[in-house]
Amino acid sequence: MQMNPRSRPAAFAAVVLAGAAAIAACQDSFNPVCPTGTRNEGSFLATFTPLPAATDCRITSDSDGGALDASLASTPAAVNTTICSLPPPDGGTPTVYMEFNSNLPRVSTLDDGGTFVFTSSTTISGSACVCNIDVTETISGTLLPADGTDAAVTFDVDAGGFTPMRGFTATIVDAVDGGAGCHCNIPCSIQYRLDGTK
């Protein structure tokens, strides 16, 4: 998610949420726009909770070679999120879009149990690791039904969209790697729980 201020441009914050670290836009000023041909399923406020990783990302030395032990991660502010749906093709599965603060949406199929997986990868230069950082990101989670039961959110063909939902829950994993000369304990990862509520 958001990297320590020393590491900007941050991997997840800059790439995925395009500034999740910045102050989240007010709900009143949020202008969700779903991709053409999709249906807006609602806006949600997404909050982040740090989770332990197998190998947390840390800055292990400065540019002069001095030893450090500084975390790359810090918890970003809440962000506005829009869920959009696309009807399934004949015999296929519906598509779910998740858009953060009106930025480019993530795309996934909506699978059994109302689950989704968004994946992406990018290379970030100018990090506190003093090297280029390769980030592979996975956001995996579930849309939560409005009635609070264990029933799955599905696509309702008659209604033309998803069955009613109250939000979503997900886990975000940013797997970080880099080339020679990095001043971090690469490979490493940063993990968060993501909860979206109306």
Side-chain angles (χ1 to χ4, degrees), residues 1-2 12-13 15-21 23-54 73 75-120 136-175 189-198:
M1 297 299 317
Q2 180 194 3
F12 183 87
V15 176
V16 181
L17 301 185
I23 297 174
C26 295
Q27 291 285 355
D28 292 341
S29 64
F30 184 43
N31 183 26
V33 178
C34 286
T36 301
T38 66
R39 170 176 150 164
N40 188 326
E41 297 290 349
S43 296
F44 307 86
L45 186 64
T47 57
F48 305 93
T49 303
L51 296 174
T75 306
V79 292
N80 292 296
T81 306
T82 300
I83 299 292
C84 311
S85 65
L86 183 68
D90 291 341
T93 56
T95 301
V96 58
Y97 294 79
M98 184 176 288
E99 180 182 293
F100 299 97
N101 274 358
S102 297
N103 290 303
L104 184 68
R106 298 299 187 197
V107 184
S108 170
T109 55
L110 185 68
D111 297 316
D112 292 343
T115 61
F116 56 83
V117 178
F118 304 111
T119 58
S120 63
T136 301
E137 176 193 87
T138 304
I139 305 176
S140 54
T142 306
L143 300 181
L144 303 175
D147 60 10
T149 67
D150 292 333
V153 171
T154 60
F155 192 89
D156 184 337
V157 176
D158 292 334
F162 293 153
T163 53
M165 58 183 164
R166 68 180 188 276
F168 57 86
T169 185
T171 299
I172 301 169
V173 178
D174 278 347
S189 63
I190 299 173
Q191 300 187 33
Y192 285 83
R193 174 174 165 168
L194 180 67
D195 291 293
T197 56
K198 286 192 173 181

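Between F48 and I172, the closest side-chain pair of non-hydrogen atoms falls below 4.5 Å. Within the 4.5 Å cutoff, the side chain of P105 has no heavy atoms near those of the F100 side chain. Side chains of V79 and T81 form a contact here, defined as non-hydrogen atoms less than 4.5 Å apart. Contact annotation: the side chain of D111 never approaches that of F116 to less than 4.5 Å [non-hydrogen atoms, C-beta and beyond]. Counting heavy atoms from C-beta on, the side chains of C34 and T82 come closer than 4.5 Å. Side-chain contact between T171 and L194: absent, with no pair of heavy atoms (C-beta onward) separated by less than 4.5 Å. Looking at heavy atoms from C-beta onward, L110 lies out of side-chain contact with T115 at the 4.5 angstrom threshold. Between F168 and I83, some side-chain heavy-atom pair lies under the 4.5 Å cut-off.
Of all the heavy atoms in A152 and T163, the pair that sits closest is O-OG1, 4.1 Å.
To the nearest 0.5 angstrom, E99 atom CD is 6.0 Å from C84 atom SG. For the atom pair R106 CZ and I139 CD1, the distance stands at 6.0 Å (nearest 0.5 Å). Rounding to the nearest 0.5 angstrom, the gap separating the CD atom in E137 from the CD1 atom in I190 is 10.5 Å. Of the inter-residue distances, the one linking F162 atom CZ with S85 atom OG reads 4.5 Å to the nearest 0.5 angstrom.
For T49, the side chain to side chain contact (heavy atoms under 4.5 Å, CB included) test picks out R193, with sequence neighbours left out. By the side chain to side chain contact (heavy atoms under 4.5 Å, CB included) test, T95 pairs with L86, Y97, V107, sequence neighbours left out. Applying the side chain to side chain contact (heavy atoms under 4.5 Å, CB included) rule to P88 yields the partners P94, F155; only residues at least two apart in sequence or on another chain are considered. With sequence neighbours excluded, the residues that form a side chain to side chain contact (heavy atoms under 4.5 Å, CB included) with P164 are A146.
No donor-acceptor pair under 3.5 Å is formed between the side chain of S189 and the backbone N or O of A175.
Residue pairs meeting the side chain to side chain donor-acceptor pair (under 3.5 Å) criterion with at least one member in residues 139-152, sequence neighbours excluded: D147-T149. The salt bridge (charged side-chain N to carboxylate O under 4.0 Å, His left out) pairs that include a residue from residues 39-53 are R39-E41, where partners are two or more places apart or lie in different chains.
Between the side chains of T169 and D195, at least one donor-acceptor pair of N or O atoms lies under 3.5 Å.
Partner of V153 under the side chain to side chain contact (heavy atoms under 4.5 Å, CB included) criterion, chosen from L143, L144, V96: L143.
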